[in-house]
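Written out below as structure tokens is the structure these notes cover.
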Amino acid sequence: MIKLENVSYHYKKESKILKEINLEIKEQETVVIMGKNGSGKSTLGKVISGIIKPKSGKILLDNLDMTDKKNKDEIRKKIGIVFQNPENQIIFNKIEDELSFALKDLKKEEIEKRIKQSLKKVKMEENIEQDLYELSLGQKQRIVISEVIARLPKYIVFDEPTTMIDSKGKEKIYKIVEDLKKEHYTIIYITNMAEEIFLADRIIILEDGKIVEEIKKQELLEKIELFEKYDIKVPMQIELLQELKKHGIEINLESYSVQELANKLKEIIKK
């Protein structure tokens with residue numbers, strides 16, 4: 001579990017970006033963090049992942065104090081982060097070199113095993129011989145994700161990982177996240193994109209550095225006005241469900257995928 005207690009952060013002379021954040025993220029939970037630009041969501045992701053230390057407050061990761069230097073190495077093993085631009089995380093030209101570097105403290109046989117397994121999880125195993133500069137941004141992001149996975153973390157922070165990627169690339173990232181959920185990873189997913197709400201078990205809305213709302217996935221329909229209140233785009237599936245409800249047609253969805261919605265509508269039409 002990750003626990004934040006009264007966490008605040010600011011850059012030098014600037015006013016607080018995060019203001020007394022209290023948050024618990026349970027094991028195997030997927031939490032989506034949303035908010036307008038400047039709300040503090042990316043800063044919160046960096047604090048959770050240990051990249052920056054809070055100015056005040058406490059963060060516990062499996063009861064390890066993340067602000068204590070002696071826990072630094074253990075925390076690095078437990079949590080990884082994927083940023084918006086994969087090119088900012090890539091060091092080497094060769095895929096194998098990139099992944100090997102993240103595993104340099106392991107034996108050769110274990111390195112080879114983990115590289116093979118992690119590339120398979122992101123559907124990039126056939127690209128292992130390619131130079132990274134030959135890949136699309138979406139493919140590079142999948143390599144970055146495989147590099148994180150190869151270290152066998154318990155927690156993964158995704159900081160707007162699809163912002164720079166085309167629609168096909170986005171779908172592949174979503175599939176990877178869904179697969180990681182099934183493998184019981186704990187995921188913190190930061191986004192501004194409406195359709196990515198559906199990756200969540202729970203949605204956290206930030207405004208002006210504060211948590212203003214927490215919404216469970218099953219509460220989406222009844223609490224959708226909160227997204228409008230905080231100027232967050234409402235997903236198309238939700239808008240359709242709202243319109244259908246106005247006309248006396250109630251549909252309960254599990255995945256909120258377009259395909260699931262289409263299948264439910266087909267069933268209604270057949271009746």
Side-chain angles (χ1 to χ4, degrees), residues 25-35 41 82 84 120-124 136-139 141-142 145-146 148-149 155-206 213-271:
I25 299 169
K26 298 173 184 176
E27 290 185 18
Q28 302 181 22
E29 184 179 26
T30 297
V31 173
V32 166
I33 299 173
M34 305 193 80
K41 59 186 184 298
V82 176
Q84 184 181 117
K120 188 175 182 180
K121 285 182 180 180
V122 300
K123 304 293 189 290
M124 290 293 290
S136 68
L137 270 178
Q139 289 175 317
Q141 191 67 292
R142 284 152 63 195
I145 295 169
S146 73
V148 171
I149 292 170
Y155 306 91
I156 303 177
V157 177
F158 289 88
D159 186 3
E160 302 189 65
T162 64
T163 300
M164 304 178 70
I165 298 170
D166 63 25
S167 57
K168 287 185 179 179
K170 283 181 172 63
E171 290 298 327
K172 289 175 181 176
I173 300 295
Y174 300 158
K175 179 64 167 62
I176 291 167
V177 173
E178 291 289 358
D179 288 344
L180 292 175
K181 286 176 67 174
K182 290 173 185 174
E183 292 181 31
H184 308 301
Y185 282 84
T186 304
I187 296 168
I188 300 94
Y189 195 101
I190 297 159
T191 183
N192 256 342
M193 298 190 180
E195 67 271 20
E196 296 181 351
I197 289 173
F198 303 128
L199 295 170
D201 298 316
R202 182 163 52 112
I203 299 146
I204 304 294
I205 299 178
L206 284 188
E213 298 292 346
E214 293 190 30
I215 305 167
K216 293 178 182 177
K217 188 173 183 178
Q218 58 266 35
E219 299 173 330
L220 275 174
L221 270 177
E222 59 193 78
K223 293 189 175 182
I224 203 63
E225 73 280 355
L226 294 173
F227 292 88
E228 296 165 347
K229 177 180 176 180
Y230 296 108
D231 200 25
I232 296 171
K233 183 175 168 53
V234 177
M236 175 269 292
Q237 294 96 306
I238 296 293
E239 290 180 335
L240 282 172
L241 289 172
Q242 285 180 314
E243 284 300 313
L244 289 168
K245 190 173 182 179
K246 288 177 186 177
H247 293 83
I249 302 170
E250 291 201 36
I251 298 177
N252 295 316
L253 300 179
E254 293 181 11
S255 69
Y256 286 90
S257 68
V258 174
Q259 188 59 56
E260 184 189 12
L261 178 56
N263 291 341
K264 292 279 187 179
L265 288 171
K266 285 177 185 176
E267 289 175 12
I268 291 168
I269 291 167
K270 285 179 181 178
K271 290 177 183 178

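What you see below is based on every heavy atom in this structure, not just the backbone, and it leaves out hydrogens, waters and symmetry mates.
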Open item on the list: Checking I176 against R142 for the side-chain contact (heavy atoms from CB on, under 4.5 Å) test, could you report, in this order, the C-alpha distance in whole Å, the side-chain angles of both residues, the deciding distance, and whether it holds?
Closed with: CA-CA 9 Å; I176 291 167; R142 284 152 63 195; 3.6 Å; yes
TODO: State, yes or no, whether a side-chain contact exists between Q141 and V82 at a heavy-atom distance under 4.5 Å.
DONE: yes
- [ ] Measure the shortest side-chain to side-chain distance between E27 and Y155 over non-hydrogen atoms and say whether it is less than 4.5 angstrom.
- [x] yes
Task: E243: side-chain hydrogen bond (donor to acceptor under 3.5 Å, both in side chains) partners, not counting sequence neighbours - done: K246
Open item on the list: Within this structure, what is the CD1-CD1 distance for the pair I232 and I205, rounded to the nearest 0.5 Å?
Closed with: 4.0 Å
Open item on the list: Please enumerate all residues that pass side chain to side chain contact (heavy atoms under 4.5 Å, CB included) together with E160, with sequence neighbours excluded.
Closed with: K41, S42, Q84, T163, I190, N192
Task: Under the side-chain hydrogen bond (donor to acceptor under 3.5 Å, both in side chains) test, residues paired with T191 that sit two or more places apart - done: E196
- [ ] Apply side chain to side chain contact (heavy atoms under 4.5 Å, CB included) to S136 and list each qualifying residue two or more places apart in sequence or on a separate chain.
- [x] Q139
- [ ] Sort and list the pairs that fulfil salt bridge (Lys or Arg N to Asp or Glu O under 4.0 Å) and have at least one residue in residues 165-174, not counting sequence neighbours.
- [x] none
Open item on the list: Test of understanding: with side-chain hydrogen bond (donor to acceptor under 3.5 Å, both in side chains), list the residues that count as partners of E214, not counting sequence neighbours.
Closed with: R202
Open item on the list: side-chain contact (heavy atoms from CB on, under 4.5 Å), that's the test. Do F198 and I238 meet it? Break it down for me.
Closed with: CA-CA 10 Å; F198 303 128; I238 296 293; 4.0 Å; yes
Task: Any pair counted as ring-ring contact (aromatic ring centres under 6.0 Å, His included), so long as it reaches residues 156-190, sequence neighbours left out - done: F158-Y189
Open item on the list: What's the separation between atom OG in S146 and atom NZ in K121, rounded to the nearest 0.5 Å?
Closed with: 11.0 Å
Task: Heavy-atom side-chain proximity of M236 to L240 below 4.5 angstrom - done: yes
TODO: Check P235 against A194 and note the closest heavy-atom contact, atom names and distance.
DONE: CG-O, 3.4 Å
Open item on the list: Going by the rule side chain to side chain contact (heavy atoms under 4.5 Å, CB included), which residues pair with E239 if we only count those two or more places apart in sequence or in a different chain?
Closed with: V234
Open item on the list: For E260, give me all partners under salt bridge (charged side-chain N to carboxylate O under 4.0 Å, His left out), at least two apart in sequence or on another chain.
Closed with: none
- [ ] Heavy atoms only: give me the nearest K181-L199 pair and the separation to one decimal.
- [x] NZ-O, 2.7 Å
Open item on the list: Quick one, K216 with D201, criterion side-chain contact (heavy atoms from CB on, under 4.5 Å). Give me CA distance, side-chain angles, the key distance, then yes/no.
Closed with: CA-CA 6 Å; K216 293 178 182 177; D201 298 316; over 6 Å; no
Open item on the list: I'd like to check I149 versus L180 (side-chain heavy atoms, cut-off strictly below 4.5 Å). Are they in contact?
Closed with: yes
- [ ] Evaluate side-chain contact (heavy atoms from CB on, under 4.5 Å) for L265 paired with I251, printing each intermediate quantity in order.
- [x] CA-CA 9 Å; L265 288 171; I251 298 177; 3.9 Å; yes
Task: Interatomic spacing from CD1 in I25 to CD1 in I33 - rounded to 0.5 Å - done: 5.5 Å
Task: Any side-chain heavy-atom pair of M34 and I204 under 4.5 Å - done: no
Open item on the list: Measuring from atom CD of Q28 to atom CD1 of I187, what distance do you get when rounded to the nearest 0.5 angstrom?
Closed with: 11.0 Å
Task: Any residue meeting salt bridge (charged side-chain N to carboxylate O under 4.0 Å, His left out) with K175, in chain and number order, not counting sequence neighbours - done: D179
Task: Any pair counted as salt bridge (Lys or Arg N to Asp or Glu O under 4.0 Å), so long as it reaches residues 217-231, sequence neighbours left out - done: E219-K223
